[in-house]
Colleague: 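Quick one: this structure, given as structure tokens, is what I'll be asking you about.
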There are 2 protein chains.
Amino acid sequence: MSPATNPPTTPAAHRRLATDAWESLFRAQVAVARQLHKEPALRRIGEREYDVLYNLSRCPSGWLRMNELNEHVLLSQPSISRMVERLESRGLVRRKTADGDKRGVLIGLTEAGAALQRDVGRTHVVNIMQLMEDALDDDELATLLALTTKLRESATMKADMGAAAVR
Amino acid sequence: MSPATNPPTTPAAHRRLATDAWESLFRAQVAVARQLHKEPALRRIGEREYDVLYNLSRCPSGWLRMNELNEHVLLSQPSISRMVERLESRGLVRRKTADGDKRGVLIGLTEAGAALQRDVGRTHVVNIMQLMEDALDDDELATLLALTTKLRESATMKADMGAAAVR
DNA sequence: CCTATTTATATGCGTTTGCATCTATTGTAG
DNA sequence: CTACAATAGATGCAAACGCATATAAATAGG
């Protein structure tokens, strides 16, 4: 519980720091997600479905492949596949075969999908801001952003290397 | 992308900081969870099921009520109820009526449940340490721990106040 | 006390998820 | 060119999930 700003003195303390940090990150994510989940605007669409629309809205070309979506959204490949199917039947996304690779599928937002994402996104942003800014000041937010970015990049890199190493 | 250590200069930058920090936190959690999910030891038991066993193992009295479990694990109340039912049928937890409140149910680990948690937990801890320590040094881990703790406490407090305000 | 409300958990039911597996296409050797 | 492995998604199916709602116990009001 000491505010260790120096390397831990014992191996046990060292181990605890890493696991405590992960658990704290995980619980914070759960706590914030819980709060965000209450937003009525998000009732029109599931959280993971919003996540898909969000990812599509953020991509420069406007199109993402199934496997790219799968990297960003925490769902299995078959689940993504069926989710896209449902979103398509609701007229929120459209699909087209990737050119140069007839196996691949590109997914993009329709007008309706983009509009819904913007709509929900707007209120979502307000809620996020309130939660985050009530908890942390700008300095702290910047630090949190930097640390989690570093963590994500490290974990992602490890995933890619792992895949490469298998070959 | 500027390493803003001072309050943002514009409202737009200000807004982005909060939402970027949340998204980064969220994606980092997804990336690390993905990696941890690969652990073969965790195949014996689902991640959320492990989370339940973990929470039970961590509680001083050895018993938690349904609603307490529900606060910590990101699942709906009915889902927790059924998960406990399954864990019980597998002999990993046991239930007893809370004394003084015949509606309440207390859940505790069985020997087998505690053993499984320790077992899986051990290898889990090793994986977490590697992921976290490869990404961040001890100073950074301590900072991340502090910031996420602050964030979680703020979000949790808000949830409780929200519940109180409705009355 | 007796009814009305709230709190704690369980259950019915349609939907979504993951695992294993399948199909179609691409890449790689021989 | 043909055969075989690898890759991208889709699909069958059982398990797990959330929502709405039911049950049961505790609490509040009259």
Side-chain angles (χ1 to χ4, degrees), chain A residues 30 33-34 36-40 42-52 63-90 92-108 160 163-167, chain B residues 30 33-34 36-40 42-52 63-90 92-108 160 163-167:
Chain A
V30 169
R34 268 259 165 71
L36 292 177
H37 185 61
K38 292 177 182 169
E39 170 57 47
L42 233 133
R43 291 284 145 84
R44 293 195 282 159
I45 194 178
E47 295 177 88
R48 314 197 213 225
E49 292 175 342
Y50 174 75
D51 201 17
V52 168
W63 297 93
L64 278 179
R65 289 184 64 141
M66 281 292 192
N67 53 17
E68 293 176 309
L69 261 178
N70 200 11
E71 278 166 32
H72 294 299
V73 181
L74 188 46
L75 272 178
S76 67
Q77 176 267 314
S79 297
I80 296 273
S81 183
R82 286 197 167 104
M83 175 157 203
V84 166
E85 182 178 297
R86 271 171 270 143
L87 291 175
E88 187 185 29
S89 76
R90 286 164 65 182
L92 300 173
V93 305
R94 66 182 119 204
R95 321 161 72 167
K96 66 175 186 186
T97 27
D99 78 5
D101 186 348
K102 288 173 190 165
R103 297 168 301 180
V105 180
L106 292 174
I107 298 106
D160 294 345
V166 169
R167 284 166 205 170
Chain B
V30 169
R34 270 258 163 72
L36 292 177
H37 186 60
K38 292 177 181 170
E39 170 57 47
L42 231 131
R43 292 281 146 86
R44 294 195 282 161
I45 195 179
E47 296 178 86
R48 313 195 214 228
E49 294 175 340
Y50 175 75
D51 201 17
V52 168
W63 297 92
L64 279 179
R65 288 186 63 143
M66 280 292 194
N67 52 17
E68 294 176 307
L69 261 178
N70 200 14
E71 279 166 31
H72 294 299
V73 182
L74 187 48
L75 273 178
S76 69
Q77 176 269 313
S79 297
I80 295 275
S81 184
R82 286 194 166 111
M83 173 177 274
V84 167
E85 182 177 297
R86 271 171 272 142
L87 292 174
E88 187 185 26
S89 76
R90 285 166 64 182
L92 299 173
V93 306
R94 66 182 119 205
R95 322 163 70 166
K96 67 176 188 187
T97 29
D99 75 8
D101 187 346
K102 288 173 189 166
R103 296 170 302 181
V105 179
L106 292 174
I107 298 107
D160 295 344
V166 169
R167 287 167 202 167

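In what follows, chains are A, B, ... by sequence order, proteins preceding strands, each numbered from 1.
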Colleague: Using whole Å, report how far CD of B:Glu85 lies from C1' of C:dG12.
Modeller: 13 Å
Colleague: Salt bridge or not between A:Glu88 and A:Arg95? Use side-chain N to carboxylate O under 4.0 Å.
Modeller: yes
Colleague: May I ask you to test the A:Val52-A:Leu87 pair for a side-chain heavy-atom distance under 4.5 Å?
Modeller: yes
Colleague: When every nucleotide of nucleotides 18-28 of chain D is labelled 5' to 3' by its protein contacts under 4.0 Å (heavy atoms), B for base, S for sugar-phosphate only, - for none, what sequence of letters results?
Modeller: BBB----BS--
Colleague: Short of 4.0 Å, heavy atom to strand atom, which residues of residues 64-73 of chain B count as contacting DNA chain D?
Modeller: none
Colleague: Specify the residue among B:Arg86 and A:Gly104 whose closest nucleotide of DNA chain D lies further upstream toward the 5′ end.
Modeller: A:Gly104
Colleague: Whether the side chain of B:Arg103 engages the backbone of B:Ala98 through a donor-acceptor N/O pair (distance < 3.5 Å, no angle test) should be reported.
Modeller: no
Colleague: Test B:Ile45 against every option in B:Glu49, B:Arg48, B:Glu47 by the side chain to side chain contact (heavy atoms under 4.5 Å, CB included) rule and name the one that passes.
Modeller: B:Glu49
Colleague: If I take atom CG in residue A:Asp99 and atom P in nucleotide C:dT26, what distance separates them, rounded to the nearest angstrom?
Modeller: 11 Å
Colleague: Distance-only, no hydrogens or angles: does the A:Glu85 side chain make a donor-acceptor pair with backbone N or O of A:Arg82 under 3.5 Å?
Modeller: no
Colleague: Report the distance from atom CE of B:Met83 to atom P of C:dA10, rounded to the nearest whole Å.
Modeller: 14 Å
Colleague: Is a side-chain donor or acceptor of A:Glu68 paired with a backbone partner of A:Arg65 at a separation under 3.5 angstrom?
Modeller: yes
Colleague: Do B:Ile107 and B:Met66 make a side-chain contact, defined as non-hydrogen atoms from C-beta onward lying under 4.5 Å apart?
Modeller: yes
Colleague: Rounded to whole angstroms, how far apart are CZ on B:Arg90 and C1' on D:dA16?
Modeller: 13 Å
Colleague: Once you round it to whole Å, what is the distance between C1' of D:dA8 and CD1 of A:Ile107?
Modeller: 11 Å
Colleague: Taking the side chain as everything from C-beta on, heavy atoms only, tell me whether B:Val84 gets closer than 4.5 Å to B:Leu69.
Modeller: yes
